[in-house]
Amino acid sequence: MNDMDMVRKVEQGIAQQSFGRLLGLTVEEAEAGRVVISCRKREDLLQQTGILHGGVIGALCEAAAGYAALSVLPEGQSVIGVEYKISLLRAITTDKAVAVARVIKNGRRLMVMEVDAFNDGDDKVAAKMIFTGMPTGA
């Protein structure tokens with residue numbers, strides 16, 4: 001599957017996911033083992049001081065991790081999250097948060113993804129997630 005097909009596959013997944021649509025998740029890049037997803041800052045996604053809510057950052061990272069996993073699984077398989085840990089290192093203050101997820105272990109029973117979230121245009125990590133998922137299906 002080429003990168004454009006992979007982008008379309010992730011876009012279709014987000015379109016079928018009501019929570020992803022609610023957050024306005026957008027696919028920036030997708031290739032086997034690596035997915036980049038973004039979320040625009042909106043008034044209804046902020047916490048009381050005007051920065052992107054940590055729950056939104058967690059959901060963005062979790063989605064990126066899940067789609068990175070899907071990018072290496074055979075057709076018909078899915079992944080279900082079993083655990084994640086996120087460290088919020090700095091505030092998301094730009095108009096867009098970007099999460100970069102990559103598969104670091106593609107096992108038969110467990111997969112592990114690493115996700116870094118950034119302020120758009122900044123190379124300093126704003127959040128770091130380690131996500132463990134279990135392949136399911138076919």
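Nothing here was measured: the structure is a model prediction, and the numbers come from that model.
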Quick one: does any side-chain atom of Arg90 pair with a main-chain N or O of Ala127 as donor and acceptor, under 3.5 Å?
no

Leu23-Ile92 co-clustered via ILVMFWY side chain contacts under 4.5 Å:
yes

Donor-acceptor pair, side chain of Arg102 and main chain of Arg34, under 3.5 angstrom:
no

Verify the neighbour count for atom CD of Gln47: are there more than 12 heavy atoms of other residues, nucleotides or ligands below 6.0 Å?
yes

Should we count CG of Leu46 as having more than 12 external heavy atoms under 6.0 Å?
yes

Is there a donor-acceptor pair under 3.5 Å between the side chain of Thr94 and the backbone N or O of Asp120?
yes

State whether a side-chain donor-acceptor pair under 3.5 Å links Glu28 with Thr26.
no

Under 3.5 Å, side chain of Ser87 to main-chain N/O of Leu89, donor-acceptor pair present?
no

Hydrophobic cluster membership, Met129 vs Leu45, 4.5 Å side-chain cutoff:
yes

Taking Asn2 for its side chain and Asp5 for its backbone only, find out whether a donor-acceptor pair lies under 3.5 Å.
yes

Taking 4.0 angstrom as the limit, do Asp44 and Arg42 come out as a salt bridge?
yes

Verify the cluster assignment for Ile57 and Val125: are they in a single hydrophobic cluster under the rule of side-chain heavy atoms below 4.5 Å apart?
no

Spell out, as yes or no, whether a donor-acceptor pair under 3.5 Å connects the side chain of Gln17 to the backbone of Gly20.
yes

Please answer whether the main-chain N or O of Val7 pairs with a side-chain N or O of Tyr67 as donor and acceptor at a distance below 3.5 Å.
no

Do Met113 and Ile14 sit in the same hydrophobic cluster, where Ile, Leu, Val, Met, Phe, Trp and Tyr count as joined when their side-chain heavy atoms come under 4.5 Å apart?
yes

Charged N to carboxylate O under 4.0 angstrom, Asp116 versus Lys128?
yes

